[in-house]
Structures are given as structure tokens and as C-alpha cells.
Protein chains: 2
Amino acid sequence: MTTVRGARARARIEITAAIKDEARTQLAAEGAAKLSLRAVARELGMVSSALYRYFPSRDDLLTALIVEAYDAIGAAAEKAASETAGQRPLDRWTAVCRAVRAWAVAHPHEYALIYGSPVPGYSAPQDTIVPASRVGLVLIETARSAHTGEGVALPPLPEGLRPEAARLAADIAPDLPPALAVTLVGAWSQLFGLISFEVFGHFHNIVEDREAFFAAAARRLGQDVGLLPRG
Amino acid sequence: MTTVRGARARARIEITAAIKDEARTQLAAEGAAKLSLRAVARELGMVSSALYRYFPSRDDLLTALIVEAYDAIGAAAEKAASETAGQRPLDRWTAVCRAVRAWAVAHPHEYALIYGSPVPGYSAPQDTIVPASRVGLVLIETARSAHTGEGVALPPLPEGLRPEAARLAADIAPDLPPALAVTLVGAWSQLFGLISFEVFGHFHNIVEDREAFFAAAARRLGQDVGLLPRG
DNA sequence: CACAATCAAGAGCAGCGCTCTTATTTCGTA
DNA sequence: TACGAAATAAGAGCGCTGCTCTTGATTGTG
């Protein structure tokens, strides 16, 4: 059904992919700020105006790279989760966190594109919201697997946070206690705080053994969301 | 001693300040990416080449804004700490965190400049490292005030993290137990994880009552660094 | 007073995103 | 199979950018 119609459609797919490939290469090499449509076209042996047949603007090309980056870091998280399927929840949690961090360290510019300063207009395009949620979903799933049945000790919910906690839990994980949902979202953002500080250089001259530091912090985040050291 | 020599020196100081002011205005309005030397010069009624007498490049102007932003957010943290001088450590901690968040929410583009993707070349200029440490120092000081004398229950340090913890503690707070120093650095980066996710839009359609959510998360970070709810 | 430092201004270069026009190639269909 | 429509490539060009170099005027100092 979705077979390629003819030579033209096939060429379009290939050229679109080639543009994204070259753009990703330039992104990885120099960062989003120095990604240039003209340079991409030049490298591909075409003229810049021809490139606009495939991406209507530079921001659209960047959006495509954003989606790819979200998918890549999400896939890394999912891979770590599935590879540790039988293990204890806390070990799975830290494995997922380490996989996310490893991807970020290996792809700093792509990471900056999705978790750094928002580059284009303020609101993220619709295409990005599903890929952007993949890491969070893995974290929720990992935590959920430890919460089938018995309750886990969570800190009491402050009075003023109760409505928000109920709403938030209903949105992202209706089967989990509201306090856990709130903690999960906090741990999610704090995980990327750790990673961003490392990738963006804020640990320069401060944290040296970043692997060990991160592993300990990620493990602690896992305990925060109710994953016990033994069990 | 440091009096202004003559009309020319005085004009130089004023013009330099005017350039920074206008640049900060444009930064706040449109973000770092759209900050243009030519636009700044235009708004100031001068020609673009004249501006290079005051800032040798666009990156140098951006660096000046970075220093200003670090100083502003650091001052906000210090103000919150001094205004809560007599209160309980955990309340002081959350007050500092909220002040930092409030500044970030009020100045999203300036926040993005310092805690988002690093914009210029990879290493931060020397001028930024002292201002950049002000928030962290306030956090350390706030936590230290709760650690005069009696020990506080901290999670055990993993085996592999002991050398790093000792080194890190010696660097940033020799009088504090290594486990606390490690936790502090983690809380520091995780605090900015919470703030960055809010400012950069990752909480869109997820967290609604951001004040309450942040307050609870910040309080929990404070407990992580050993600040007790009562005492 | 004269000399040196400082500065504003202009012209200009190379690069950028993007648009419009023109010519060529491919495709579905009459 | 031939034709008209759609898609594509290429070129020229607009206004913008950061930045450099040169020229001429202003200011401070020996």
C-alpha cells in the first residue's frame, strides 16, 4: 500500500533522508546555532533554493532533527528498560537513567537541541510531543512495576499540592497514587538537571568522576520514587 | 583613585552601559539567538562599526550579559538567604530555591542564556566562573548552617564514590561530611532541572500548579541535604 | 601647541534565510 | 502514446547578519 510510486517519490525520500543526515552531521559537529541550510545544500551538491522543496524553512529542518533526537534518546531508555526486564526495579531505574545519560554525553549537541534552550518559536511543534514523552513513559513504567499491590512509603503530600497531585496523576498514571505521580515528575526533571549540568559544563572543575556521581544520584532518585534497595 | 579621568572616559562608561542595557532589552524580548549587534547600534543611534570599540565581538557582548545574569540570579538567592536569616534551615533552603525559580521565570531568556545550551565556544570565559558559583555558594551556606555540630542522617556513600566524595568535599566545603557535599551538588543540579523544565516548557500540559509543585520538590531537596522539617 | 590616542562613520566582504522566476524533468491521464 | 499538470533544479536577488578596513574628526596629554 505504502509502496513507493515511482522514481520521483523514491528520490524524494532518499534526498530528504540525505538532507537530514547531513544536517545531523553538521549539528553534531558545530551545534544548532551554526547549522546552515546553505552549507547542507553545498555539501549535498545542490543549490540552497532547491532544498526548500524538502524543508520549507530552517526551523522545519531543525524540528525534524528534534524529533529524531527525542526518538533516539527515548529508544535508548526503552532499550535499557527491556534489557533489564527481570531485574529489581531500582536496578532497572538506574539502568534507564544511565542509558539516557550515556546518550546525552555521546550526543551533546543533539541533547542541547531538545533539553537546552528552546531554539525556534516558543511552543514545540505538535510532531514533537509524542517522541518527547518516551523517556518519561519509560520512567513511569519502571516505577509502576514496583507498585503492583503493596503500598510504598512516600512522603506526605503537602496540603496545597493535593489538587494538583490528583489532576497530574489522573493525566499521566491513573493507577498510581498521586503522591507517587508528583514525585515521578519531579524525579524526571531532576534527572535531566543532573545530565544537563554535566553536558553543559556546569560540573567543570567540580565533579570529576561523573559516572560514579551520576550513578549514585540516579539511584537516589529511584529511591525517591519508592524503589527499594532490596526487593 | 578610580575616579573618571575626563569626559571621554565618562562617556565610554555610559555608552558601554547603554549598549549592555539595550542588549539586555533585546535579549529579554527575543532571546539570545536574535540578539543583533546591528540592531543594538541602530537603537542607540550609532553605526554598527562604532560598537566594536566597546565590545570586540558579539560573543563578548553576550559574555557580559551572561555575567550580569549570573550576578542577578546569585543576588536573588543571596537576598532570600539574608532575609530568612533567623529561620529554620529547611525554610531558608526552600526560600532560596523559590527566589531562584522566581528570577528564572521572570527572566526566561536570561535564564536560558546561563542554564540552557551553551551558546559561544565550548568553555565558559574566565569572567563567568565566580558569578556562576553564587547560587551554589548560597545553597552550601544554607545547608552548612544546619550542620554545626550534630550529625544528620545521610544515606551511605557507595563504595565507588568515596574518593570522588572526599575530593569534592575538600574542594567546595572542607568542613562538611563528604556524603553531604555530594548530595549538595546533586541537589544543586536537580534544582535547576526543575527550573529548566518549567522555563523551557517541558511541563506544558503536565504540571499546572507550578508554584506548589516546585515548592514541594524544593522542600524535598532540602530534606535530601539533611535539613529536618522540624528543628 | 603638537602629537598620540580615541572614536564615529562609511564602504565593503562573505555569509545567512528566504523568495521569485525560469527551465527541465517526471507523472497521471485523456 | 501524447499532452497537460505537477514536481524539481537552478539562478538571481533582497535584506539581514558579524566583522574588517579606511578615513576623518574629536579629545587628552607631553
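To find a chain, count down the sequence lines: A is the first, B the second, and so on, and within it residues start at 1.
Considering only residues two or more places apart in sequence or on other chains, B:Phe214 meets the ring pair (Phe, Tyr, Trp, His ring centres under 6.0 Å) condition with none of them. By the ring pair (Phe, Tyr, Trp, His ring centres under 6.0 Å) test, A:His107 is found to be paired with A:Trp103, residues two or more places apart in sequence or in another chain being considered. Evaluation of the salt bridge (charged side-chain N to carboxylate O under 4.0 Å, His left out) rule for A:Asp60 yields no partner, not counting sequence neighbours. Legend: residues meeting side chain to side chain contact (heavy atoms under 4.5 Å, CB included) with A:Glu78, ordered by chain and number and at least two apart, are A:Arg134, A:Val138. For B:Glu83, the side-chain hydrogen bond (donor to acceptor under 3.5 Å, both in side chains) test picks out B:Lys79, with sequence neighbours left out. Here B:Arg210 pairs with B:Arg101, B:Glu198, B:Phe203, B:Val207 under the side chain to side chain contact (heavy atoms under 4.5 Å, CB included) rule; sequence neighbours left out. B:Arg92 meets the salt bridge (charged side-chain N to carboxylate O under 4.0 Å, His left out) test with no other residue; sequence neighbours excluded.
We find the OH-CD1 distance between B:Tyr111 and B:Ile195 to be 5.0 Å, quoted to the nearest 0.5 Å. Note: B:Met46 CE to B:Arg53 CZ = 12.5 Å, rounded to the nearest 0.5 Å. Here the CG atom belonging to A:Leu184 is positioned 9.0 Å from the OG1 atom belonging to A:Thr142, to the nearest 0.5 angstrom.
For residues 19-27 of chain A, proximity to DNA chain C is found at no residue, defined as any non-hydrogen atom under 4.0 angstrom from a strand atom.
Between B:Arg10 and D:dG28, a side-chain N or O to OP1/OP2 separation shorter than 4.0 Å is absent. Contact between the side-chain N/O atoms of B:Ser36 and the OP1/OP2 oxygens of D:dG18 is found at a separation under 4.0 Å.
Rounded to an integer number of Å, the gap from B:Lys34 NZ to C:dG17 P is 14 Å. Atom OH of A:Tyr52 is separated from atom P of D:dC14 by 17 Å (rounded to the nearest Å). For the pair B:Asp60 CG and D:dG18 C1', the interatomic distance rounds to 13 Å; values are reported in whole Å. Between the CG atom of A:Leu37 and the P atom of C:dG17 there is a distance of 5 Å, rounded to whole Å. Atoms CZ (A:Arg42) and C1' (C:dG15) sit 8 Å apart, rounded to a whole Å.
Across all strands, A:Leu61 comes closer than 4.0 Å to no nucleic acid atom at all (heavy-atom distances).
If one axis is set at each end of the helix from C:dC1-D:dG30 to C:dA30-D:dT1 from five pairs, those axes are 0° apart, to 10°.
Between B:His202 and A:Phe192, the ring centre distance reaches or exceeds 6.0 Å.
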Between the protein and nucleotides 12-14 of chain C, list the N/O to N/O atom pairs that are separated by less than 3.5 angstrom.
none

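Sorted by first then second residue, the ring-ring contact (aromatic ring centres under 6.0 Å, His included) pairs that include residues 8-56 of chain B, not counting sequence neighbours, number zero.
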Starting at the 5' end of nucleotides 3-9 of chain C, put B wherever the base has a protein heavy atom under 4.0 Å, S where only the sugar-phosphate does, and a dash everywhere else.
--BBBBB

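Between B:Arg220 and B:Asp224, no side-chain nitrogen of the basic residue sits less than 4.0 Å from a carboxylate oxygen of the acidic one, so the salt-bridge criterion is not met.
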